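Everything below concerns the one structure shown next.
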Amino acid sequence: MKTQVVVIGGGPAGLLLARLLMQNGIATVLLERRSRAHVLSRIRAGVLEWGSVETLRRAGVGTRMDGEGEIHHGVALGHTNHQFRIDFAERAGRAVMVYGQTEITKDLYTAHDAAGSTIIDNAEDVTLHDVTGRPRVTWHKDGRSHEIEADFVAGCDGFHGVSRQTIPADARTEYERVFPFGWLGILSETPPVSHELIYSNHARGFALASMRNPHLSRYYVQVPADDTVEGWSDERFWDELRRRLPHDAAEAIVTGPSIEKSIALLRSFVCEPMRWGNLFLAGDAAHIVPPTGAKGLNLAIGDVALLAELMSAHFAGDTAALATYSDRALERVWAAIRFSVSLTGLLHRFPGQSAFEQRLQEAELAQIERSDSAQTTFARNYTGLLT
Ligand code: APR
Ligand code: PHB
């Protein structure tokens, strides 16, 4: 078997890349380790920068997002018993779209099915060969071995994937900071406490009020890194959330049973370079950001939009195009890491942090509330990077 681009991983990065390449007439085969049902059962991010919205529309998968997604023109930051709003339209002249990653993934699969794309799920033991020459990829499925040859391999297989590990250890540099806490998140079929997101700093730890739609709330509270979901009954979660959100919001929370509950550790990770020969990394395979800035999914979309453009230029005859991929992608990645790490530092309680540091965080939030330029910087970073 032969194709032009083998895409490893059927998360949003891989599915969108295959879609954008196909629109430009480039043949792709996508290999996904898990079943489609498993991929579609994962609850992940929910906030799209405007550039991501436009990329999804351009990929022909914007219809349901435009119908069911919610445009948010601002966000609230708070601490203890005070919150204030940052107006995106006024400060940055653009908005964000709240639409779940799970729904985007569903829309991408639907578009691929309609176009007859080659997506192979339950592909086991995916292995990359000769990526600095003429790449080949092998895998097992239903007890049989398979092999395909390609011009390029796109490693879109997430943080635990095989693609990044294919780059020899002495040819890549990995930068990492693991935070000593996680986010406990729940999904609940209740109306969200506010029509916009609330990010709250509290002496007991950070809390976030988010949503998927007007009937589906997504809430998070910061927890120690070694906490387990078993220790968190729904009742305990709601009590803790109520304590940590600004007073007026806390009073308005509508509680109900959780339909999903999980803990994710906070981590920043970058692998450089994002290209090794004819292997290109994109999305979580190359980088992880702490979720505080809602950048993970947007970075993945940004990577594959750039990669699709450069691969298309390559196949149209511009063989130098792909040489710029890694540096251009990494510039945006580090901008996102910088924003997400600084917002994490502003809003979370760190082990050993004293009341002094808590007051400093509150003073910094007050400074953002007073400062036009600080609000503009926040709004620009939150709604889109490097623009
Ligand atoms: N072979 C084939 N597929 C693999 C392999 C492998 N060895 N390892 C992992 N995969 C698949 C996973 O099963 C998953 O479906 O690769 C996919 C990677 O998808 P994601 O983890 O969702 O990563 P990505 O597509 O880069 O999405 C970006 O943004 O909101 C953030 O972290 C969040 O998932 C989100 C990410
Ligand atoms: C979410 O709704 O899952 C969400 C929103 C904003 C974030 C992180 C996660 O910063």
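Quick caveat, the model's predicted, so the values are computed rather than measured.
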Return the CD to OG1 distance between Glu309 and Thr324, rounded to the nearest 0.5 Å. 8.0 Å
Has the side chain of Arg349 got a donor or acceptor atom that lies under 3.5 Å from a matching backbone atom of Ala203? yes
Is the backbone N or O of Gly345 less than 3.5 Å from a side-chain atom of Gln361, with the two atoms forming a donor-acceptor pair by type? yes
Decide if the gap between the ring center of Phe206 and the ring center of Tyr220 is smaller than 6.0 angstrom. no
Looking only at non-hydrogen atoms, find the nearest pair between Phe315 and Val5 and report the distance. CE1-CG2, 4.1 Å
Any donor-acceptor N/O pair, Trp238 side chain to Val254 backbone, under 3.5 Å: no
Please check: side-chain N/O of His202 versus main-chain N/O of Arg243, any donor-acceptor pairing under 3.5 Å? yes
Do Gln358 and Asn201 have side-chain atoms, one donor and one acceptor, less than 3.5 Å apart? yes
Any link between Trp232 and Leu265 through a network of hydrophobic side chains (Ile, Leu, Val, Met, Phe, Trp, Tyr) touching at under 4.5 Å? no
Flag if over 12 foreign heavy atoms under 6.0 Å of CZ, Arg177: no
For Arg33, is there an ion pair with Asp157 - N to carboxylate O distance below 4.0 angstrom? no
If two hydrophobic side chains count as joined below 4.5 Å and joins carry through other members, does Ile288 share a cluster with Phe280? no
For atom CD of Glu235, is the number of surrounding heavy atoms from other residues, nucleotides or ligands below 6.0 Å larger than 12? no
Determine, using the 4.5 Å side-chain heavy-atom cutoff (strictly less than), whether Val221 and Leu216 are members of one ILVMFWY cluster. no
Are more than 12 heavy atoms, taken from residues, nucleotides or ligands other than Arg134, located less than 6.0 Å from that residue's CZ atom? yes
Please work out whether the ring planes of Phe88 and Tyr382 are parallel, tilted or perpendicular, with thresholds of 30° and 60°. parallel
Nearest heavy-atom neighbours spanning Ser200 and Leu245: OG-CA, 3.9 Å
When you look at CZ of Arg36, are more than 12 heavy atoms from neighbouring residues, nucleotides or ligands closer to it than 6.0 Å? yes
Distance col, row Arg328:CZ vs Leu322:CG, nearest 0.5 angstrom, shows 10.5 Å
Donor-acceptor pair, side chain of Ser342 and main chain of Phe339, under 3.5 angstrom: yes
At what distance, to the nearest 0.5 angstrom, does CG of Leu197 lie from CZ of Arg85? 12.0 Å
Short question: side chain of Arg244, backbone of Ala207 - any donor-acceptor pair under 3.5 Å? no
Please report the closest heavy-atom contact between Ala285 and Gly155, naming both atoms and the distance. CB-O, 3.5 Å
I'd like to know if the side chain of Lys295 and the backbone of Ala335 have a donor-acceptor N/O pair within less than 3.5 Å. no
Inter-residue atom distance Leu343.CG - His348.NE2, 0.5 Å rounding: 8.5 Å
Could you check whether any side-chain heavy atom of Tyr325 comes within less than 4.5 Å of a side-chain heavy atom of Met311, counting everything from C-beta outward? no
Glu147 and Ser145 side chains, donor-acceptor separation under 3.5 Å: no
Could you tell me whether the side chain of Phe159 reaches within less than 4.5 Å of the side chain of Arg267, counting heavy atoms only? yes
Heavy-atom distance under 4.5 Å between the side chains of Phe378 and Leu77, does that happen here? yes
CG-CD distance between Leu281 and Glu272, expressed to the nearest 0.5 angstrom: 11.5 Å
Do Ile120 and Ile8 belong to the same hydrophobic cluster, where Ile, Leu, Val, Met, Phe, Trp and Tyr are linked whenever their side-chain heavy atoms lie under 4.5 Å apart, directly or via other members? yes
Salt-bridge contact Glu103-Arg212 (side-chain N to carboxylate O under 4.0 Å): no
Apply the test side-chain contact (heavy atoms from CB on, under 4.5 Å) to residues Asp142 and Asn122: give CA-CA distance (whole Å), side-chain angles for both, the deciding distance (0.1 Å), then the verdict. CA-CA 8 Å; Asp142 303 329; Asn122 296 307; 6.0 Å; no
Determine, using the 4.5 Å side-chain heavy-atom cutoff (strictly less than), whether Leu346 and Val75 are members of one ILVMFWY cluster. yes
Would you call Thr190 and Ile253 a side-chain contact if the rule is heavy atoms closer than 4.5 Å? no
May I have the step-by-step check of side-chain contact (heavy atoms from CB on, under 4.5 Å) for Arg94 and Arg380, ending in yes or no? CA-CA 9 Å; Arg94 61 189 170 214; Arg380 283 216 186 122; 4.2 Å; yes
His314 and Phe152: aromatic ring centres closer than 6.0 Å? yes
Are the side chains of Asp234 and Pro257 in contact, using a 4.5 Å heavy-atom criterion? yes
Please check if the side chain of Asn298 supplies one atom and the backbone of Val47 the other of a donor-acceptor pair under 3.5 Å. yes
For the student: nearest non-hydrogen atoms of His112 and Ser117, plus distance: ND1-OG, 2.7 Å
Do Glu49 and Arg332 sit within salt-bridge range, that is, some charged N less than 4.0 Å from a carboxylate O? yes
Does Ser354 reach the main-chain N or O of Phe356 with its side chain, forming a donor-acceptor pair under 3.5 Å? yes
Does any donor atom in the side chain of Asp121 or Tyr109 lie under 3.5 Å from an acceptor atom in the other side chain? no
Starting from the C-alpha separation in whole Å, work towards a yes-or-no answer on side-chain contact (heavy atoms from CB on, under 4.5 Å) for Val137 and Val29. CA-CA 11 Å; Val137 179; Val29 169; over 6 Å; no
Set out, in order, the CA-CA distance, both residues' side-chain angles and the distance that settles side-chain contact (heavy atoms from CB on, under 4.5 Å) for Lys261 and Leu184, then state yes or no. CA-CA 7 Å; Lys261 192 185 284 166; Leu184 166 65; 3.9 Å; yes
Quick check: does any side chain N or O of Gln4 sit under 3.5 Å from a backbone N or O of Ala27, one acting as donor and the other as acceptor? yes
Quick one: closest heavy-atom pair of Leu108 and Pro12, and the distance? CD1-O, 4.1 Å
State, with a plain yes or no, whether a side-chain heavy atom of Val341 is found less than 4.5 Å away from one of Phe179. yes
State, to 0.1 Å, how close Pro273 and Leu330 come at their nearest heavy-atom pair, and which atoms those are. CA-CD1, 4.4 Å
Quick check on Glu260: does its CD atom have over 12 non-hydrogen neighbours (other residues, nucleotides or ligands) under 6.0 Å away? yes
With a cut-off of 6.0 Å (strictly less than), are more than 12 heavy atoms of other residues, nucleotides or ligands near NE2 of His129? yes
So that I can tick it off, tell me whether Arg236 and Glu240 are bridged by a salt bridge, with the cut-off set at under 4.0 angstrom between side-chain N and carboxylate O. no
Under a 4.5 Å cut-off applied to non-hydrogen side-chain atoms, are Gln222 and Leu208 in contact? no
Return the CD1 to CE distance between Ile148 and Met1, rounded to the nearest 0.5 Å. 4.5 Å
Within the 4.5 Å heavy-atom criterion, are Arg19 and Val304 side-chain neighbours or not? no
